[in-house]
Engineer: 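Here you go, one structure.
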Protein chains: 2
Amino acid sequence: MAVTRSDVARAAGVSPAVVSYVLNNGPRPVATHTRERVLAAIDELGYRPNAIASALRGGSTQTVGLLTPNRSNPFYGALAEEIERTLTEQGYLTLTASTYGYRSSEERLLQTFIDRQTDGLIITSGVSLSGPALSGVEQSVLVLEERPESPLSTLSMDDEGDAARAVDHLQVHGHDLIGCIVGPPYVSTDGLRLSGWREQQRRTGRPASDGLVALADAGEEGGYQAAGLLLSEHGRPWAVYGRRPTALFVASDVQAFGALHACWELGLRVPDDVALVSMGGTRGARFTIPPLTTMRQDVEYLARSACTRLLEEIRTPGLPPAHVRLTGNLVVGHTCGCSPYGVIRR
Amino acid sequence: MAVTRSDVARAAGVSPAVVSYVLNNGPRPVATHTRERVLAAIDELGYRPNAIASALRGGSTQTVGLLTPNRSNPFYGALAEEIERTLTEQGYLTLTASTYGYRSSEERLLQTFIDRQTDGLIITSGVSLSGPALSGVEQSVLVLEERPESPLSTLSMDDEGDAARAVDHLQVHGHDLIGCIVGPPYVSTDGLRLSGWREQQRRTGRPASDGLVALADAGEEGGYQAAGLLLSEHGRPWAVYGRRPTALFVASDVQAFGALHACWELGLRVPDDVALVSMGGTRGARFTIPPLTTMRQDVEYLARSACTRLLEEIRTPGLPPAHVRLTGNLVVGHTCGCSPYGVIRR
DNA sequence: CTGAAAGCGCTAACAT
DNA sequence: ATGTTAGCGCTTTCAG
């Protein structure tokens, strides 16, 4: 059996309460000299407070639950890494789980987090915020998705606007027939990126029909197959336009990795035969061949803001919800057609 | 305040104990008809057992702690993803933390996990197993590192052997002067991969001096810089051999992404000017340009085995430690010099 | 088959 | 400044 607070108290010749006072620096003062005896006993016995008991009794579990669609996508990987790091620095531990896009998993996992009394919750993507689980939660919740009307605080990237600006960049290079590779649109992020593409094309009088859209699984493989579909002579969903798209807007870097590979296999030069702009700005995007032009969304900043805000809400219950939207910025690589080291000017 | 077991008991007109019996299917039987009343009350009130209290009282937290060097490397990403998924299926939640290679973080985080009474611990990489934290742990611990003598169970990849076989493959293609790009060797995995390269070179009478080794940070950037160092005309640590290495052994896929990029920038053709074999076999390796030849280590299998074993140890305390080592297999891509779709035969 | 009751280790109000 | 004590919500032994 582990050594408990009573053991320490006995060894130090004080009452258990005093041990608590020493450990928590309060709520009652302790004579310096008593404190030293207690600390000595703690050290001596190798005492460690039982976090479970402490959580049951008073208060907090010093734990935050993080719910993401998956762990392997670099965007969520980077997000989770930075969240975890920031929380660790603040003395919190992170409980993670992945939904893989299933509503049912979301609800179940969320409920599990709640049952475990995590002090806070960070949720990304498509959670049924109105679901039974979240109505009447006691802990602080931060949603990383655009929900301006939500009673929960939200923090999001401007996916639709960022996508539109990425597409605009291709248009500036003279492209009209711009294909779109995007994940399943029931994922809110992908849905927004898809409408960003569509609206930007429509607004500027360019084609925006479904024949130019390829829905793709997340991951390199998805982007690879979608690009194959949009660019090869077979299938030809774009046949109605009489020519192949001269550019692709790809909704995520990882899918763009696959798309680049498809171009390479098909013998299409990037950006000469096919220009390409993606979304994400993850670390690896600088190292593809050629390096990606990508709409960088600052995940680290997003993560840190999320943690800061969440911790505030944990410490100050009852804050009114905040809704913040971050904007991406284009990182010009070699896939869009800008001269290698130049930046385009309008 | 949340609804407690007593509330349910009162609503169902039974004692709190009976509610427990129903929820846990034991340890005492409950009349079918009483059970139904209880279940109805639970449903009615929306009762959820308090996991904290349950953990304090009896037993288990249904939580496993996972300690990795970081989260963003695809190897650890995939490992963690699969571990998390498997554990979730088994009703466990995963607490994750990253050490970023710091001994002090390791010890601190490990201790935190222990304080939180995680039922089990999965540890990767360089933990001071003899450290104060781990001596006398009560929970089950699985170490994903080769430690044949450890009193804790271990599960590892044969990093040294796999590396040697990867290098052998380059040798078979006729390469003698083979550079080595590897992470800081105080990370045990990297140390083993480095010796795999060195021993294989030495054993076959080929150069294995430090001039052929470039220590690199993990990540694409590290591989990029290291490759630049080993291949460019400047610096030339290989000058003593009078020519540039004709092949590179790269200790991780991600570093290989960077190395490929460096080759591309330097105008070196892969595999004609520089052949390249890496370690990992992560998902992205199939989509580089050209696709990587890589020693695939089956992370998913590793993860599932780890979970299976850990859960066994949790359920059956006192099992003697097991030590398992898994072997990788070479996935032939286009960077080694094998004909595009063929496989080399000796 | 069901109920009463003893803690798990801790915090904090209350008493000294 | 320190000690005593009542729970937090649950599991499980022991009595009925």
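Not measured: the values here are computed from a predicted model.
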Engineer: To the nearest Å, give me how far apart CZ (B/Arg35) and P (C/dC1) are.
Structural biologist: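 So the CZ-P distance, B/Arg35 to C/dC1, works out to 10 Å.
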Engineer: Between D/dC10 atom P and A/Ile52 atom CD1, what is the distance in whole Å?
Structural biologist: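 About 14 Å, once rounded to whole Å.
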Engineer: If the condition is salt bridge (charged side-chain N to carboxylate O under 4.0 Å, His left out), which residues does B/Arg304 pass it with, not counting sequence neighbours?
Structural biologist: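 B/Arg304 satisfies salt bridge (charged side-chain N to carboxylate O under 4.0 Å, His left out) with B/Glu82 only.
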Engineer: Atom CD of B/Gln62 to atom P of D/dC10: distance rounded to whole Å?
Structural biologist: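 Going from B/Gln62 (CD) to D/dC10 (P), I get 16 Å.
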Engineer: Tell me if a side-chain donor or acceptor on A/Arg325 pairs with a main-chain N or O of A/Met157 at a distance below 3.5 Å.
Structural biologist: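 Checked: no pair found.
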Engineer: In whole Å, what is the span from the CG atom of B/Asp7 to the P atom of D/dC8?
Structural biologist: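 Going from CG in B/Asp7 over to P in D/dC8 covers 11 Å.
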Engineer: So, B/Thr94 side chain and A/Leu95 main chain: donor-acceptor pair closer than 3.5 Å or not?
Structural biologist: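 Between the backbone of A/Leu95 and the side chain of B/Thr94 there is no qualifying donor-acceptor contact (under 3.5 Å).
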Engineer: Of B/Gly13 and A/Ser6, whose closest DNA chain C nucleotide lies nearer the 5' terminus?
Structural biologist: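 Per heavy-atom nearest nucleotide, the more 5' residue is B/Gly13.
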Engineer: Look at the side chain of B/Asp7 and the backbone N and O of B/Thr4, then say whether any donor-acceptor pair between them is shorter than 3.5 Å.
Structural biologist: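 Pair found, side chain donor or acceptor close to backbone of B/Thr4.
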Engineer: For B/Gln117 and B/Ser60, indicate whether the former's side chain and the latter's backbone hold a donor-acceptor pair under 3.5 Å.
Structural biologist: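 Flag not set: sc B/Gln117 to bb B/Ser60 has no pair under 3.5 Å.
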Engineer: Under 3.5 Å, side chain of B/Asp119 to main-chain N/O of B/Thr61, donor-acceptor pair present?
Structural biologist: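 Here the side-chain-to-backbone pair exists.
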Engineer: Strictly distance-based, threshold 3.5 Å: is any side-chain N or O of B/Asn70 a donor or acceptor partner for the main-chain N or O of B/Asn73?
Structural biologist: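 Confirmed, B/Asn70 side chain pairs with B/Asn73 backbone.
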Engineer: In residues 36-50 of chain A, which ones come under 4.0 Å of DNA chain D, going by heavy atoms?
Structural biologist: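 Result for residues 36-50 of chain A: none.
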Engineer: Write down the protein N/O and nucleotide N/O pairs, taken from nucleotides 13-16 of chain C, whose separation is under 3.5 Å; answer none if there are no such pairs.
Structural biologist:
residue: C/dA13; atom: N6; partner: A/Tyr21; partner atom: OH; Å: 2.6

Engineer: Check every atom of C/dC1, D/dC10, D/dG9 against the side chain of B/Thr34 and return the nucleotide holding the closest atom.
Structural biologist: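 Output: C/dC1.
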Engineer: Roughly how many Å is it from CD in B/Gln117 to C1' in D/dC10, rounded to a whole number?
Structural biologist: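 To the nearest whole Å, that distance equals 15 Å.
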Engineer: Is the distance from OP1 or OP2 of D/dG3 to the nearest side-chain N or O of A/Ser15 less than 4.0 Å?
Structural biologist: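 For A/Ser15, the contact criterion (side-chain N or O under 4.0 Å from OP1 or OP2 of D/dG3) is met.
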Engineer: Of the candidate nucleotides D/dG9, C/dG3, D/dT2, which contains the atom at the shortest distance from the side chain of A/Leu56?
Structural biologist: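 Nearest listed nucleotide: D/dG9.
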Engineer: Rounded to whole angstroms, how far apart are CZ on B/Arg57 and P on C/dG9?
Structural biologist: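 Interatomic distance, CZ of B/Arg57 to P of C/dG9: 10 Å.
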Engineer: Given atom CZ of B/Arg116 and atom C1' of C/dG9, what is their separation to the nearest angstrom?
Structural biologist: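 Atom-to-atom, B/Arg116 to C/dG9, this comes out as 16 Å.
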Engineer: Keeping B/Glu106 on the side-chain end and B/Thr99 on the backbone end, is there a donor-acceptor pair under 3.5 Å?
Structural biologist: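 No, B/Glu106 side chain to B/Thr99 backbone: no donor-acceptor pair under 3.5 Å.
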Engineer: Does B/Arg85 qualify as a cation-pi partner of A/Tyr100, given the criterion of NZ or CZ under 6.0 Å from the six-membered ring centre and within 45 degrees of its axis?
Structural biologist: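 So B/Arg85 does make the cation-pi contact.
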